[in-house]
Amino acid sequence: MGTLPSRGGSVQPLIRAATLDGYLELATALGLNGPALLAQVGLALADLQDPTSWLPAKRAVRLLDLSAKLSARPDFAVLLGDRRRLGTLGPISIAVREEPDLRHVLQVLTHHVVTYNEALRMHLYESEGTATVRLWLELGVPAPLGQATTFAVAALNGVMRAGADDAWRPLGAHFPYPAPADVSAYRNAFGPGVHFDQPFAGLTLRIRDLANPNRLSDPLLRPYARQFLETTVARRGPSVTTRVTELVELLLISGHCSLTAVAKDLQLDPRTLRRHLAAEGTTFTAIVDDTRAAMAERHLGSSGQPLTEIAYLLGFDTPAAFSRWFKHRFGMTARDWRKVSRG
């Protein structure tokens with residue numbers, strides 16, 4: 001697994017080629033020239049032949065968007081999601097298959113998401129009897145994310161249904177765009193609780209569903225699957241950078257983000273925290289900047305929040321300060337980024 005350098009000096013996230021399993025068959029069934037579309041976005045048939053290889057995520061995003069438009073099927077990603085198999089997750093599927101219940105399945109998928117999709121972000125929230133799994137993509141470049149995000153939700157739904165009872169459906173499936181004219185494919189995949197124009201993309205379910213046993217799991221094989229996970233995907237404690245990033249996101253929203261505040265939460269003095277971050281090749285300023293960039297991309301791509309509100313969520317004192325920062329960071333205005341992201 002690796003990353004590709006981008007023009008901005010950062011890296012382009014990758015996805016496993018297995019993610020596009022079934023794409024060519026669906027494209028053909030809908031009257032599309034799959035190989036030609038692959039070439040149009042910079043991919044080739046050979047790229048899909050080895051499911052263990054890695055592809056630039058932004059090319060896959062463009063492929064799904066283009067395929068939906070040319071086939072006149074806004075539900076293209078839902079149809080492709082219905083073709084998901086557990087094996088498309090790569091090696092992590094071995095651990096997922098043997099987890100005892102839905103809660104543990106989601107924990108493995110969330111903690112090890114980069115082993116199958118470096119662009120995908122996924123978080124599980126629990127509140128008042130309801131569990132919510134939110135998903136979003138971070139590409140580092142503007143792109144129409146509607147189809148790719150829908151595909152991620154459909155794929156997650158497929159994994160959850162594979163381990164649950166055949167009749168199981170989520171409490172709700174949520175999408176941050178208007179409803180298409182025909183929602184039958186959505187309802188076939190997710191059940192009746194499909195909601196559009198939502199502030200996030202993801203699934204909701206009853207908290208009690210998290211205790212549903214995984215019908216694929218064999219208790220006798222579980223120790224071996226865990227051992228495989230430990231040796232294949234190193235389980236290390238969170239780095240200082242990771243812990244600081246998590247705190248920065250929380251503190252930016254509260255409006256009290258500073259090196260001193262973060263160091264206090266970590267029970268370190270600021271000088272010691274600087275040394276830890278330097279040892280990991282970064283700085284507090286860089287983490288704040290990168291965290292803001294990730295949050296900006298998330299909010300601009302998956303919500304209709306006013307830019308003024310986003311500016312304050314990212315800890316800027318004024319919308320003008322946010323606008324200057326965004327233009328410097330991304331080379332374009334936030335308004336233009338949102339326009340491109342919405343296709």
Side-chain angles (χ1 to χ4, degrees), residues 1-14 57 110-115 117-125 134-142 234-303 305 307-334 337-338:
M1 184 174 68
T3 49
L4 301 174
S6 69
R7 293 181 186 178
S10 57
V11 292
Q12 296 180 20
L14 306 178
T110 301
H111 294 164
H112 302 288
V113 63
V114 295
T115 67
N117 188 330
E118 292 181 338
L120 183 62
R121 303 291 180 266
M122 183 167 70
H123 282 293
L124 172 65
Y125 306 88
R134 296 193 177 198
L135 301 98
W136 67 92
L137 295 167
E138 294 177 3
L139 295 181
V141 294
R235 282 191 169 182
R236 302 172 181 171
S239 65
V240 174
T241 300
T242 298
R243 295 164 66 192
V244 170
T245 299
E246 292 172 350
L247 286 170
V248 164
E249 181 163 347
L250 292 173
L251 292 172
L252 281 173
I253 295 174
S254 72
H256 301 289
C257 183
S258 68
L259 176 67
T260 301
V262 170
K264 181 178 180 181
D265 276 358
L266 294 176
Q267 298 183 349
L268 298 171
D269 65 76
R271 183 175 299 178
T272 300
L273 178 55
R274 285 195 187 96
R275 285 202 303 268
H276 282 307
L277 293 177
E280 294 180 4
T282 189
T283 65
F284 181 75
T285 300
I287 291 174
V288 171
D289 199 57
D290 289 344
T291 303
R292 279 175 163 163
M295 292 173 68
E297 185 174 352
R298 184 193 322 165
H299 288 291
L300 288 170
S302 63
S303 76
Q305 291 170 294
L307 297 182
T308 298
E309 184 176 329
I310 294 175
Y312 293 127
L313 284 174
L314 269 60
F316 289 97
D317 294 330
T318 65
F322 166 67
S323 297
R324 289 192 297 271
W325 170 83
F326 194 95
K327 184 69 179 291
H328 177 76
R329 170 82 188 200
F330 294 103
M332 64 192 308
T333 67
W337 180 292
R338 171 171 275 174

(request) Examine distances only and state if a side-chain atom of E118 and a backbone atom of L14 form a donor-acceptor pair shorter than 3.5 Å. (result) yes
(message) How long is the straight-line distance from OG1 of T291 back to CG of L314, given to the nearest 0.5 Å?
(response) 9.5 Å
(message) I'd like to know whether E297 forms a side-chain contact (heavy atoms from CB on, under 4.5 Å) with V141, so could you lay out the CA-CA distance, the side-chain angles of the two residues, the decisive distance to 0.1 Å, and finally the verdict.
(response) CA-CA 9 Å; E297 185 174 352; V141 294; over 6 Å; no
(message) Pair I310, R338 - check side-chain contact (heavy atoms from CB on, under 4.5 Å), show working.
(response) CA-CA 12 Å; I310 294 175; R338 171 171 275 174; 3.5 Å; yes
(message) Taking side-chain contact (heavy atoms from CB on, under 4.5 Å) as the criterion, tell me which of T241, T285, T272 meets it with L277.
(response) T241
(request) Please determine if R274 forms a cation-pi arrangement with F284, meaning its NZ or CZ atom is less than 6.0 Å from the six-membered ring centre and no more than 45° off the ring axis. (result) no
(message) Quick check: closest heavy atoms across L139 and P13, and the distance to 0.1 Å?
(response) O-CD, 3.6 Å
(request) Please tell me if the side chains of P270 and L273 come closer than 4.5 Å, counting only heavy atoms from C-beta onward. (result) no
(request) Find the distance between CG (D265) and OG1 (T260) and round it off to the nearest 0.5 Å. (result) 11.5 Å
(request) Find the distance between NE2 (H276) and CZ (R271) and round it off to the nearest 0.5 Å. (result) 13.5 Å
(request) Work out which heavy atom in L313 is nearest to a heavy atom in M295; give both atom names and the distance. (result) O-CE, 3.7 Å
(message) Minimum heavy-atom separation for V244 and I287, please, with both atom names.
(response) CG1-CD1, 3.8 Å
(request) Show the numbers, then the answer: is there a side-chain contact (heavy atoms from CB on, under 4.5 Å) between L135 and R121? (result) CA-CA 6 Å; L135 301 98; R121 303 291 180 266; over 6 Å; no
(request) State, to 0.1 Å, how close T282 and A286 come at their nearest heavy-atom pair, and which atoms those are. (result) OG1-CB, 3.7 Å
(request) Would you confirm whether E138, through its side chain, and A119, through its main-chain N or O, come within 3.5 Å as a donor-acceptor pair? (result) no
(request) Please name the residue in the list L250, L268, L247 that meets the side-chain contact (heavy atoms from CB on, under 4.5 Å) test with V262. (result) L247
For residues 317-328, run the donor-acceptor check on the side chains, cut-off 3.5 Å, and write out each pair with its distance to 0.1 Å, sequence neighbours left out.
| unit_1 | atom_1 | unit_2 | atom_2 | d |
| --- | --- | --- | --- | --- |
| T318 | OG1 | A321 | N | 3.1 |
| S323 | OG | P319 | O | 3.1 |
| W325 | NE1 | D289 | OD1 | 2.5 |

(request) To the nearest 0.5 Å, tell me how far H299 NE2 sits from L307 CG. (result) 12.0 Å
(message) In the structure I gave you, are the side-chain heavy atoms of R292 and V288 within less than 4.5 Å of one another anywhere?
(response) yes
(request) Give, for atom CG of N117 and atom CG of L137, the distance between the pair rounded to the nearest 0.5 Å. (result) 6.5 Å
(message) Main chain of L300, side chain of Q305: is a donor-acceptor contact present, judged purely on distance under 3.5 Å?
(response) no
(message) In this structure, is the centre-to-centre distance between the rings of H123 and W136 below 6.0 Å?
(response) yes
(message) Strictly below 4.0 Å, N to O, side chains only: are D269 and R275 in salt-bridge contact?
(response) no
